[in-house]
There are 2 protein chains.
Amino acid sequence: MRSDTRAGRLPEPSSPIADDGDAIRFCRTCAFAGACLAVGYGKPELEALHCLVEHVGPYRTGDHVFRTGDPFRAIFAVRAGTVKTCLVDRDGREQVLGFYLPGEVIGLNAIYPEQFPCDAIALENAQFCRFSFPAMSALATRMPAVQQHLFRLLSKELGTASLLAGDHSADERVAAFLCDLGSRYEARGFSGTRFALSMSRGDIANYLRLASETVSRVLTRFRSQGLIALEGRQVELLDADALRQLGEGLLPG
Amino acid sequence: MRSDTRAGRLPEPSSPIADDGDAIRFCRTCAFAGACLAVGYGKPELEALHCLVEHVGPYRTGDHVFRTGDPFRAIFAVRAGTVKTCLVDRDGREQVLGFYLPGEVIGLNAIYPEQFPCDAIALENAQFCRFSFPAMSALATRMPAVQQHLFRLLSKELGTASLLAGDHSADERVAAFLCDLGSRYEARGFSGTRFALSMSRGDIANYLRLASETVSRVLTRFRSQGLIALEGRQVELLDADALRQLGEGLLPG
DNA sequence: GCGGCATCTTGATCAGGATCAGTCCGGCGA
DNA sequence: TCGCCGGACTGATCCTGATCAAGATGCCGC
């Protein structure tokens with residue numbers, strides 16, 4: 001499944017990648033960057049934080065990072081590529097829970113059940129930082145900043161999950177989806193208005209609890225209204241304000 | 001609003017109440033009971049855990065426990081009564097996020113934004129244990145069991161939130177709602193098949209993203225099918241298996 | 001180039017649940 | 001006792017988005 005451990009040799013030059021960390025410093029855009037900075041450089045805790053990180057990948061498009069039922073031992077920060085998490089009900093229908101960009105963290109919902117409640121599948125070739133969770137929570141007891149970070153990550157994801165549960169029209173959902181993706185790309189240092197959708201229309205639809213035909217239609221209409229430019233999976237938000245207004249009902253904040 | 005601190009004097013004899021804790025011991029059915037037991041009796045940490053708990057209430061039906069925008073300083077465990085949490089969008093429409101029974105914890109989604117993102121409203125006269133969050137997370141760094149508990153509580157709520165986000169029929173939603181309530185009552189030591197719905201049909205509908213008329217119709221049909229007995233807000237699950245099967249698509253596990 | 005396949009788009013029809021409207025019921029205060 | 005009011009139930013109609021169906025487009029291997 002994986003080729004080898006040498007990084008930076010992915011045949012995907014246009015794919016966003018988090019800036020590289022090294023033995024001294026985490027990626028600046030990583031979800032754990034704050035925790036890392038908080039301890040300052042050279043402290044023994046920093047070394048501890050690095051000891052429990054393991055770079056894994058590359059995974060190829062369609063590969064599983066983890067599967068439903070796998071024992072929970074670690075959480076993963078996306079270093080490169082994008083991932084979707086999805087659960088598969090017993091009828092075999094999958095339900096997309098979320099998309100994760102470089103710098104974001106997957107696996108938090110496995111803490112309680114102690115096994116992964118969902119699959120995580122690479123949407124593009126992807127790499128990860130793997131944080132052993134026992135080691136991480138042990139470290140968290142010594143480093144309040146790390147504990148704080150974990151609490152915040154969990155709480156944040158809780159907020160976004162409940163927003164999606166609301167009853168909103170297809171237009172609202174799609175608009176909010178585009179705005180959310182944009183602001184997340186922007187937060188990680190990429191363009192917030194021009195980006196590629198790494199997931200299929202079907203995945204978007206599944207995530208938004210719509211039919212893929214509906215997503216197509218809404219996107220087409222948004223384009224004809226001049227709200228977005230669209231070419232295949234490449235999208236540009238032309239009127240981000242209008243989109244944000246449309247989607248405000250389920251946008252964070 | 002509150003009368004005094006003496007417990008057990010609520011004018012609501014039929015309302016479920018978590019068993020009483022005292023200075024030495026937490027309520028056995030409380031979400032924090034495990035953390036409490038883990039430290040053993042008489043240890044200094046136990047005293048610390050008690051120092052940061054404050055019994056608050058009683059609140060009367062309709063009272064706010066906290067409001068959207070209130071600065072986040074504490075989480076609350078329900079001691080008696082039931083609560084709903086709901087966010088109010090700028091059009092003034094409210095969206096119910098969840099119902100909380102004795103022993104359950106509210107306020108976890110406020111950690112990240114550092115202010116409450118929703119209102120919490122008592123559905124019956126209610127009392128709470130208030131846990132100062134700064135004190136609690138400080139304690140968590142010294143007591144791995146407390147930290148573990150917080151992680152698990154957060155992760156668990158994450159799981160339930162994403163289940164509700166799926167696209168399911170009205171029947172599935174209502175069936176799952178009834179089963180979930182039943183098993184939660186059971187887990188806290190009450191009957192899992194006979195209980196009173198402390199919330200209105202409108203609240204149920206809002207929570208399930210349905211119209212209240214739809215909830216009425218589904219409940220009526222369930223009754224005519226012999227799945228439940230229903231009299232006002234008093235409900236009995238007559239065929240819990242059938243209900244569970246109906247709702248399995250969005251039931252935890 | 002070509003065929004094969006998955007993805008995307010567009011159109012026509014259908015259905016589940018929302019909405020609107022009317023009635024009933026129980027609780028409460030005057 | 002009465003009238004009021006909010007909550008609950010039921011029926012009729014409407015509308016959004018799902019489903020079914022048919023092309024269009026793009027991608028890959030050969």
Side-chain angles (χ1 to χ4, degrees), chain A residues 11-12 14 60-62 84 91 93-96 121 123-124 164-177 196-225 228-235 246 249-250, chain B residues 11-12 14 60-62 84 91 93-96 121 123-124 164-177 196-225 228-235 246 249-250:
Chain A
E12 190 140 273
S14 66
R60 301 183 62 86
T61 302
K84 70 172 176 185
D91 312 344
R93 291 173 310 191
E94 82 172 32
Q95 163 162 158
V96 175
I121 299 173
L123 293 171
E124 309 166 283
L164 203 66
D167 65 331
H168 301 278
S169 71
D171 286 20
E172 287 179 292
R173 285 173 189 273
V174 175
F177 172 74
L197 303 168
S198 52
M199 68 295 288
S200 71
R201 301 288 194 273
D203 280 338
I204 297 174
N206 188 315
Y207 174 65
L208 298 176
R209 317 311 168 205
L210 299 170
S212 62
E213 294 92 330
T214 304
V215 172
S216 257
R217 279 184 250 269
V218 173
L219 286 177
T220 303
R221 186 153 34 76
F222 281 179
R223 178 171 50 185
S224 74
Q225 292 170 337
I228 60 171
L230 185 68
E231 199 183 320
R233 293 189 174 185
Q234 194 68 35
V235 68
L246 259 175
L250 39 48
Chain B
E12 190 141 273
S14 66
R60 302 182 61 86
T61 302
K84 69 172 177 184
D91 312 345
R93 293 173 308 191
E94 82 172 32
Q95 164 163 158
V96 175
I121 299 172
L123 293 171
E124 309 166 283
L164 202 66
D167 65 330
H168 301 278
S169 71
D171 285 19
E172 288 179 291
R173 286 174 189 272
V174 175
F177 173 74
L197 302 168
S198 51
M199 68 295 288
S200 70
R201 299 290 193 272
D203 280 338
I204 298 174
N206 187 314
Y207 173 65
L208 298 177
R209 318 309 168 204
L210 299 169
S212 62
E213 293 93 330
T214 303
V215 172
S216 261
R217 280 185 250 267
V218 172
L219 286 176
T220 303
R221 186 153 33 78
F222 281 179
R223 178 172 49 186
S224 74
Q225 292 169 339
I228 61 172
L230 185 68
E231 198 183 322
R233 293 189 174 185
Q234 194 67 37
V235 69
L246 259 175
L250 39 48

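Order of the sequence lines fixes the chain letters, A, B, ..., with proteins taken first and strands second; residue numbering starts at 1 for each chain.
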Closest to the A/Arg217 side chain, choosing from C/dG11, C/dT19, D/dG17: C/dG11
Which nucleotide in D/dG17, C/dT10, D/dA8 has an atom nearest any side-chain atom of B/Arg201: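 My answer, after comparing the listed nucleotides, is D/dA8.
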Please report the distance, rounded to the nearest Å, between [atom1] in [X] and [atom2] in [N].
{"X": "A/Glu231", "N": "D/dT25", "atom1": "CD", "atom2": "C1'", "value": "12 Å"}
{"X": "A/Leu210", "N": "D/dT19", "atom1": "CG", "atom2": "C1'", "value": "14 Å"}
{"X": "B/Ile204", "N": "D/dC9", "atom1": "CD1", "atom2": "P", "value": "9 Å"}
{"X": "B/Arg173", "N": "C/dA18", "atom1": "CZ", "atom2": "C1'", "value": "14 Å"}
{"X": "B/Asn206", "N": "C/dG17", "atom1": "CG", "atom2": "P", "value": "17 Å"}
{"X": "B/Asp167", "N": "D/dA18", "atom1": "CG", "atom2": "C1'", "value": "10 Å"}
{"X": "A/Leu230", "N": "D/dT25", "atom1": "CG", "atom2": "C1'", "value": "13 Å"}
{"X": "B/Glu172", "N": "C/dG17", "atom1": "CD", "atom2": "C1'", "value": "14 Å"}

Heavy atoms only, 4.0 Å cut-off, all strands: where does [X] land among base, sugar-phosphate and nothing?
{"X": "B/Arg233", "result": "sugar-phosphate"}
{"X": "B/Ala211", "result": "base"}
{"X": "A/Ser212", "result": "nothing"}
{"X": "B/Arg209", "result": "sugar-phosphate"}
{"X": "A/Leu219", "result": "nothing"}

Non-hydrogen side-chain atoms of [X] and [Y] separated by less than 4.5 Å:
{"X": "B/Glu94", "Y": "B/Asp203", "value": "yes"}
{"X": "B/Leu219", "Y": "B/Arg201", "value": "yes"}
{"X": "A/Asn206", "Y": "A/Arg93", "value": "no"}

Are the side chain of A/Ser224 and the backbone N or O of A/Arg221 linked by a donor-acceptor pair below 3.5 Å?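 Checked: pair present.
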Spell out, as yes or no, whether a donor-acceptor pair under 3.5 Å connects the side chain of A/Glu172 to the backbone of A/Ser169.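 It does hold such a pair.
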Within less than 4.0 Å of OP1 or OP2 of C/dT10, is there a side-chain N or O belonging to A/Thr220?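 Looking at the OP1 and OP2 atoms of C/dT10, one of them is under 4.0 Å from a side-chain N or O of A/Thr220.
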Examine D/dA18: is either OP1 or OP2 under 4.0 Å from a nitrogen or oxygen in the side chain of A/Thr214? Give yes or no. yes
Comparing B/Glu213 with B/Asp171, nearest DNA chain C nucleotide closer to 5' gives the residue B/Asp171
